[in-house]
Undergrad: 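Take a look at this one; I'll ask things after.
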Amino acid sequence: MNIFEIYLNKIKELVLSLNKDNSIQIPSNLSSINVDVPPEKFDCDISTNVAMVLAKINQTNPLELAKTIVNELKKNDKNIEKIDIAKPGFINIKFKLNFWNGFLKDILSNHKNFGINKNEDKKKYLVEFVSANPTGPLHVGHCRGAILGDVISNILKFNEHKVTKEYYVNDHGNQILNFTKSVYYRILEITKNKKFPKEDKDLYPGEYIIEIAKNIINDNKNVDFNNFDKITKKLTSLAVSESLKLIKTNLKNLGITHDNFQSETEIVKNKEVETVIDILKKKNFVYLGKIKAPIDESKSNWVEREQLLFRSTDFGDDKDRPLQKSDKSWTYFASDVAYHYNKLNRNFDLMINILGADHAGYIKRISASVEAMSGEKNKLNCKVSQLVKLIKDGKPFKMSKRKGDYITVEDLISEVGKDATRFIMLSRSSDVELDFDFAKVKEKSKDNPLYYVQYCYARISSVFRHIGKNVNDKFDIKSYDFNYSSDEIKILQKISQWPKCIEISSKKLEPHRVPVYLYELASQFHSYWNLGKDDESKRFINEKKNISDEKIALLKAVSNVIKQGMSIVGVGTPEKM
RNA sequence: GCGCUCUUAGCUCAGCUGGAUAGAGCAUCGGUUUUCUAAACCGAGGGUCGAAGGUUCGAAUCCUUCAGAGCGCGCCA
């Protein structure tokens, strides 16, 4: 039950009928009318800007127009206790107690559906995220995007969209070749006692390569690993699959599972790159040409050469992008275009890519390619997750692959835990850099938003424990005729905003709104809880060790939303802390 | 040089696709525990929303210019 949506529709209908009577003029588009959460200082539950939006076209003062609308609204709405017109022209509505009782009854009897935006068009989504090179375990840098993609998927699923979560495996190209070589040298090190060529900067020096090498040796006792050229293919596939094992374990420990792993090699092998380039050629989006060097001193050795280019400038990119390297092999971009063609052929309504900040410059060209292939502008939506600034011992921590001092997902999970990692990584808009302070994330106090929200749930659980029940038990509430105080109504107001939070998070693909909302709800609950210290009527369990239906309903409503929200975030709700 | 993102309280950030006197947390200062979990609560101080223009009844939010920070700009993916 989304009360904002209900009243928005009500007001739009009203405006349309007033227009039919020729009482007022309306614009062709009513989309700027909204029903919103009023600032706290006003004694009301919802507010609308309708009078201000319509004032101009009616050549009247918003306050005058508001009077007309208010009179009409009052006529046939039994829920309204009070309706005010506030200065520039807002209409503020306060509901009767009866309305809130009805609201509670509705959301408790349907608690699984509360928050879901049933009216949103149901779509088929593909969310591609993580897609880290399969050259080793995930590190902290991958975490934020991984969690972002996972929770965006959760929100979309919650809103009843179909979601496929996909990982694009870049198991093709030079980095993979270097990775395979590294594994090869480690194998020789183990079997032939040959020294690993540390001086070769292209190789991966990490310790985990040794583990991968050991596993490969153990599982392939009959294979002769002595000639690299002969076994490159075989070894690549073994090494990549070992890598993926590590990555999948990392993801699992973060609470993430993908539905599909799409291999780049498969796409190249199936000649999908050639196919897609042919298609683009026919549409005249591909040509042989030269691109200008970037103006940058470090690129002074630039050699201009003719290569196969994609006309991404037709779609607003700053330069056309190369599809082929000088050795005629495909660029990463070329196979990625093929991959997106592959995605398009699977008929998703919308494709979402989660990229790291360092790949933001890539968005224009890949979006361009999708537009060129599909003819649709908004088929692909790329979300960028900004950098995470790690802070250890109060100081910024810089990771360096060369030195090998980088923090893996495994380190992170074992030090701060999955839940804290997820909640904190998600608590800021993905557009801004995030400070991740190990000490703070580990802290078990109100300074840690995760525990603050979980504590709210634990407090509610403890009330139920005291009456010999469990927070998840079903309660049969006979009649919803409660006399809630204004403090309690405040909590109900916040709860009524939950579907709106989901709606916006889903529309804008901004999952950080969920933890922010949960924090606010928890905060209101904690305030209310503490009122019980001074005022016994505000306590859940009375002096006779009983609890009223009134309080049960309120507690159930709060705990349901917290639980739902936390499961979207992908963290637990312990009943005891 | 060009492109993308960011700039809100001392610090870290929210601010609902233009609305009301811009909100939290941390830090600082002061208070709350014989009572359902103090991992909590209450109160106080703290602001030229980077700067300047523009659009609008109305701008932190949209547009332009400028400044600062980060990321990126063919044979890495």
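Convention: sequence-line order gives letters A, B, ...; per-chain numbering from 1. Fair warning: this is a prediction, and the values are worked out from it, not measured in the lab.
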Undergrad: How far, in whole Å, is B/U48 from B/A22 if one measures between their P atoms?
TA: 12 Å

Undergrad: Does A/Asp437 pair with A/Lys389 as a salt bridge, N-O distance under 4.0 Å?
TA: no

Undergrad: Among B/G15, B/G3, B/A14, find the nucleotide with the atom closest to the side chain of A/Asp318.
TA: B/G3

Undergrad: Please list, chain by chain and in numerical order, all residues satisfying ring pair (Phe, Tyr, Trp, His ring centres under 6.0 Å) with A/Phe315, sequence neighbours excluded.
TA: A/Phe285

Undergrad: Can you identify which nucleotide, out of B/G15, B/C6, B/A38, has its nearest atom closest to the A/Val432 side chain?
TA: B/C6

Undergrad: Taking the six-membered ring for Trp, are the ring centroids of A/Tyr452 and A/Tyr519 within less than 6.0 Å of each other?
TA: yes

Undergrad: Ignoring the backbone of A/Lys319, work out which of B/C2, B/A20, B/C73 is nearest its side chain.
TA: B/C73

Undergrad: What verdict does the salt bridge (Lys or Arg N to Asp or Glu O under 4.0 Å) test give for A/Glu488 and A/Lys551, after you've listed the backbone C-alpha separation in whole Å, the side-chain angles of each residue and the deciding distance to 0.1 Å?
TA: CA-CA 9 Å; A/Glu488 289 158 331; A/Lys551 303 286 190 193; 2.9 Å; yes

Undergrad: Kindly state whether the ring of A/Tyr451 and the ring of A/Phe423 have centres lying under 6.0 angstrom apart.
TA: no

Undergrad: Looking only at the side chain of A/Ser47 (C-beta and beyond, no hydrogens), which of the listed nucleotides B/A20, B/A39, B/U12 gets closest?
TA: B/A20

Undergrad: Side chain of A/His466, backbone of A/Val463: donor and acceptor closer than 3.5 Å?
TA: no

Undergrad: Give each protein N/O atom lying under 3.5 Å from an N/O atom of nucleotides 59-68 of chain B, with the pair distance.
TA:
none

Undergrad: Between A/Gln386 and A/Asp431, is there a side-chain donor-acceptor contact under 3.5 Å, judged purely by atom types and distance?
TA: no

Undergrad: Check A/Glu128 with A/Lys343, please: is the shortest side-chain N to carboxylate O separation under 4.0 Å?
TA: yes

Undergrad: Assess whether a salt bridge exists between A/Lys500 and A/Glu503, defined as any Lys/Arg side-chain N lying under 4.0 Å from an Asp/Glu carboxylate O.
TA: no

Undergrad: Write down the distance between CZ (A/Phe42) and C1' (B/A22), rounded to a whole number of angstrom.
TA: 13 Å

Undergrad: Please check the phosphate of B/C42 (OP1 and OP2 only) for any side-chain N or O of A/Ser527 closer than 4.0 Å.
TA: yes

Undergrad: Measure from the side chain of A/Asp358, starting at C-beta and using heavy atoms only, and say which of B/G72, B/G3, B/A24 lies closest.
TA: B/G72

Undergrad: Do any N or O atoms from the side chain of A/Ser312 and from the backbone of A/Arg365 form a donor-acceptor pair under 3.5 angstrom?
TA: no

Undergrad: Are A/Asp45 and A/Lys94 close enough for a salt bridge, meaning some N to O gap below 4.0 Å?
TA: no

Undergrad: Counting just side-chain N and O atoms, does A/Lys87 come under 4.0 Å of either OP1 or OP2 of B/A20?
TA: no

Undergrad: Atom pairs, N/O to N/O, protein against nucleotides 54-58 of chain B, distance under 3.5 Å?
TA:
from: B/C57; atom 1: OP1; to: A/Lys56; atom 2: NZ; distance (Å): 2.7

Undergrad: Tabulate protein N/O versus nucleotide N/O from nucleotides 29-36 of chain B, keeping only pairs under 3.5 Å, one per line.
TA:
from: B/U35; atom 1: O2'; to: A/Arg539; atom 2: NH1; distance (Å): 3.2
from: B/U35; atom 1: O2'; to: A/Arg539; atom 2: NH2; distance (Å): 2.0
from: B/U35; atom 1: O2; to: A/Arg539; atom 2: NH1; distance (Å): 2.4
from: B/U35; atom 1: N3; to: A/Lys533; atom 2: O; distance (Å): 3.3
from: B/U35; atom 1: O4; to: A/Lys533; atom 2: O; distance (Å): 3.1
from: B/C36; atom 1: O3'; to: A/His466; atom 2: NE2; distance (Å): 2.8
from: B/C36; atom 1: O2; to: A/Phe540; atom 2: N; distance (Å): 3.0
from: B/C36; atom 1: O2; to: A/Ile541; atom 2: N; distance (Å): 3.1
from: B/C36; atom 1: N3; to: A/Phe540; atom 2: N; distance (Å): 3.4
from: B/C36; atom 1: N4; to: A/Trp529; atom 2: O; distance (Å): 2.8

Undergrad: Write out a two-atom table: protein N or O, nucleotide N or O from nucleotides 75-77 of chain B, distance below 3.5 Å.
TA:
from: B/C75; atom 1: O2; to: A/Ser326; atom 2: N; distance (Å): 3.1
from: B/C75; atom 1: O2; to: A/Ser326; atom 2: OG; distance (Å): 2.1
from: B/C75; atom 1: N3; to: A/Arg305; atom 2: NH1; distance (Å): 2.4
from: B/C75; atom 1: N3; to: A/Ser326; atom 2: OG; distance (Å): 3.4
from: B/C75; atom 1: N4; to: A/Arg305; atom 2: NH1; distance (Å): 2.2
from: B/C75; atom 1: N4; to: A/Arg305; atom 2: NH2; distance (Å): 3.3
from: B/C76; atom 1: OP2; to: A/Asn174; atom 2: ND2; distance (Å): 3.1
from: B/C76; atom 1: O2'; to: A/Gln175; atom 2: NE2; distance (Å): 2.1
from: B/A77; atom 1: OP1; to: A/Asn174; atom 2: N; distance (Å): 2.7
from: B/A77; atom 1: OP2; to: A/Lys325; atom 2: NZ; distance (Å): 3.3
from: B/A77; atom 1: O2'; to: A/Asn133; atom 2: OD1; distance (Å): 2.5
from: B/A77; atom 1: O2'; to: A/Asn170; atom 2: OD1; distance (Å): 3.0
from: B/A77; atom 1: N3; to: A/His359; atom 2: NE2; distance (Å): 3.1

Undergrad: Are A/Lys82 and A/Asp84 within salt-bridge range, i.e. N to O under 4.0 Å?
TA: yes

Undergrad: Write down the distance separating the C1' atoms in B/A39 and B/C71, rounded off to the nearest Å.
TA: 38 Å

Undergrad: Side chain of A/Ser47, backbone of A/Asn92: donor and acceptor closer than 3.5 Å?
TA: no

Undergrad: Stems involving RNA chain B: give each as a range paired with a range, ordered by first number, where a stem means at least three consecutive Watson-Crick or G-U wobble pairs under 3.5 Å.
TA: B:1-7 with B:67-73, B:10-13 with B:23-26, B:28-32 with B:40-44, B:50-54 with B:62-66

Undergrad: Would you find a donor on one side and an acceptor on the other, under 3.5 Å apart, between the side chain of A/Asn58 and the backbone of A/Gln25?
TA: yes

Undergrad: Base, sugar-phosphate, or nothing: which does A/Gln59 touch, judged by heavy atoms less than 4.0 Å apart?
TA: nothing

Undergrad: Is the closest basic N to carboxylate O distance between A/Asp318 and A/Lys364 below 4.0 Å?
TA: yes

Undergrad: Of all the nucleotides listed (B/C4, B/U5, B/U17), which has the minimum atom distance to the side chain of A/Ala360?
TA: B/C4

Undergrad: What's the closest nucleotide to the A/Tyr455 side chain, out of B/A20, B/A38, B/G25?
TA: B/A38

Undergrad: Counting side-chain heavy atoms from CB outward, which of B/G74, B/C13, B/A20 is closest to A/Gln307?
TA: B/G74

Undergrad: Remember a base hit wins even if backbone is also touched, and classify A/Asn92 as base, sugar-phosphate or nothing at under 4.0 Å, heavy atoms.
TA: base

